[in-house]
Every structure is written in C-alpha cells, then in structure tokens.
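Notes follow once the structure below has been shown.
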Amino acid sequence: MLQRRRERREQLAAQQRWEAWSAMHTEPLPHPVQPEPGTLIDDFLPSDLRLPTREELAGILMPHDAPLVLDGEVRACAECGAYRKWIVASTRDGVWLRCQAGHEEVAPRLDAAWFNRTSGPITEQHASY
C-alpha cells in the first residue's frame with residue numbers, strides 16, 4: 001500500500017516537472033505574413049532541385065523481370081524468343097518492349113495507362129536510353 005502511494009507521488013511529481021518544462025520551452029506560433037492581393041509567391045523549390053514532369057521527359061523506363069502476360073498469353077520476343085527480363089519504355093510513340101538481347105518492338109496492346117498502373121515512382125534519371 002505504501003509502495004503504491006510512493007509510486008503515485010513520484011508519477012505526479014514527474015508530471016508536474018514535465019508540465020513546467022514544456023511551459024517554459026514552447027515556441028510562439030509564427031504569424032503568417034499576408035501578401036497583398038494579386039501578389040504571386042514563389043514558394044516552390046529552386047529550378048535546379050526540381051525534377052522534370054512526365055510531360056517534359058522523352059520517356060520513362062521500368063524493368064519487368066517476370067514473364068509479361070497479356071490477355072492470358074505470355075509475351076515473347078519475336079526475334080529471339082526471350083519471355084522475361086524486359087525493359088518497358090513509355091514514350092510519346094507508345095509503349096516499347098526491349099529484351100535482354102536488345103531487340104525492340106512496340107507493344108500495341110499496352111498503353112500509357114497500363115504503364116502508369118504497373119510502374120512505381122521515378123527513382124532515377126538518366127540522360128540517354
């Protein structure tokens with residue numbers, strides 16, 4: 001019984017110390033500066049830190065290591081028969097497939113919507129294909 005009272009007193013003392021400390025260490029809220037009406041504020045990142053938008057890129061690549069199945073059919077390279085480890089490129093001309101051997105062909109059954117659903121976020125940028 002005495003042990004519980006002692007623990008409770010210690011808890012109350014610790015809570016009071018915390019409240020006193022936090023009251024002394026609160027920072028005032030910043031007052032937002034209201035711009036004049038019609039004034040544009042440039043609060044974006046500097047241009048050298050911005051990534052280009054998808055519209056500004058010539059194309060986007062993604063690896064597709066598993067077999068590519070379209071409408072229940074496994075897609076294979078027409079020239080060498082490879083059916084996995086594709087590089088899929090989405091360009092303004094359409095979606096392109098490139099096999100390990102470097103053979104490229106457009107995939108008419110794939111479109112930009114499929115590419116966007118399948119690909120993840122952009123993690124790297126390269127100057128050339």
Side-chain angles (χ1 to χ4, degrees):
M1 181 92 156
L2 292 175
Q3 180 69 20
R4 286 188 201 166
R5 286 184 186 170
R6 185 179 307 133
E7 288 175 0
R8 180 69 182 143
R9 278 194 304 257
E10 289 174 2
Q11 287 176 346
L12 287 174
Q15 183 177 357
Q16 289 171 349
R17 286 192 304 270
W18 170 252
E19 289 172 358
W21 182 87
S22 61
M24 292 186 315
H25 292 86
T26 57
E27 294 186 22
L29 295 174
H31 298 290
V33 177
Q34 296 296 329
E36 295 181 24
T39 304
L40 294 177
I41 299 175
D42 185 16
D43 60 348
F44 293 110
L45 289 171
S47 59
D48 57 331
L49 294 178
R50 295 182 201 162
L51 289 175
T53 63
R54 287 193 175 216
E55 292 80 25
E56 295 171 333
L57 296 173
I60 305 170
L61 303 176
M62 77 167 178
H64 195 283
D65 293 335
L68 184 60
V69 181
L70 303 174
D71 300 327
E73 179 183 321
V74 176
R75 181 79 164 90
C77 177
E79 293 186 45
C80 66
Y83 63 93
R84 55 177 51 228
K85 296 205 179 217
W86 295 100
I87 296 292
V88 185
S90 177
T91 66
R92 291 181 183 90
D93 299 332
V95 176
W96 292 77
L97 298 175
R98 181 178 185 164
C99 72
Q100 284 181 302
H103 305 125
E104 296 178 3
E105 57 187 85
V106 70
R109 294 191 289 180
L110 300 179
D111 58 1
W114 175 88
F115 186 90
N116 291 336
R117 282 191 311 269
T118 309
S119 69
I122 296 174
T123 57
E124 295 179 44
Q125 274 188 272
H126 302 281
S128 66
Y129 186 44

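All values derive from a computational prediction rather than experimental measurement.
- Annotation for Cys80 and Cys99: closest pair SG-SG, 3.7 Å, computed over non-hydrogen atoms.
- Here the CZ-CZ distance, from Arg4 to Arg6, works out to 13.5 Å after rounding to the nearest 0.5 Å.
- When all heavy atoms are compared, the tightest approach of Arg75 to Leu97 is NE-CD1, 3.8 Å.
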Pair Gln3, Glu7 - check side-chain hydrogen bond (donor to acceptor under 3.5 Å, both in side chains), show working. CA-CA 6 Å; Gln3 180 69 20; Glu7 288 175 0; 3.2 Å; yes

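- One distance of note links CD of Glu105 with SG of Cys77; it measures 5.5 Å at 0.5 Å rounding.
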Could you go through residues 108-121 and list every donor-acceptor pair under 3.5 Å that involves a side-chain atom there, pairing it with any protein atom two or more places apart or in another chain?
{"residue": "Arg109", "atom": "NH1", "partner": "Asp71", "partner atom": "OD2", "Å": "3.4"}
{"residue": "Asp111", "atom": "OD1", "partner": "Trp114", "partner atom": "N", "Å": "2.9"}
{"residue": "Asn116", "atom": "OD1", "partner": "Arg54", "partner atom": "NH1", "Å": "2.6"}
{"residue": "Asn116", "atom": "ND2", "partner": "Ala112", "partner atom": "O", "Å": "3.3"}
{"residue": "Thr118", "atom": "OG1", "partner": "Trp114", "partner atom": "O", "Å": "2.8"}
{"residue": "Ser119", "atom": "OG", "partner": "Phe115", "partner atom": "O", "Å": "3.0"}

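- The line from CZ of Arg9 to CZ of Arg5 is 8.0 Å long, rounded to the nearest 0.5 Å.
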Table please: side-chain donor-acceptor pairs of residues 83-91 below 3.5 Å, with sequence neighbours left out.
{"residue": "Trp86", "atom": "NE1", "partner": "Tyr83", "partner atom": "O", "Å": "3.4"}
{"residue": "Thr91", "atom": "OG1", "partner": "Asp93", "partner atom": "N", "Å": "3.2"}
{"residue": "Thr91", "atom": "OG1", "partner": "Gly94", "partner atom": "O", "Å": "3.2"}

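- Side-chain contact check for Gln15 and Glu19: at least one donor-acceptor pair (N or O, by modelled atom type) lies under 3.5 Å.
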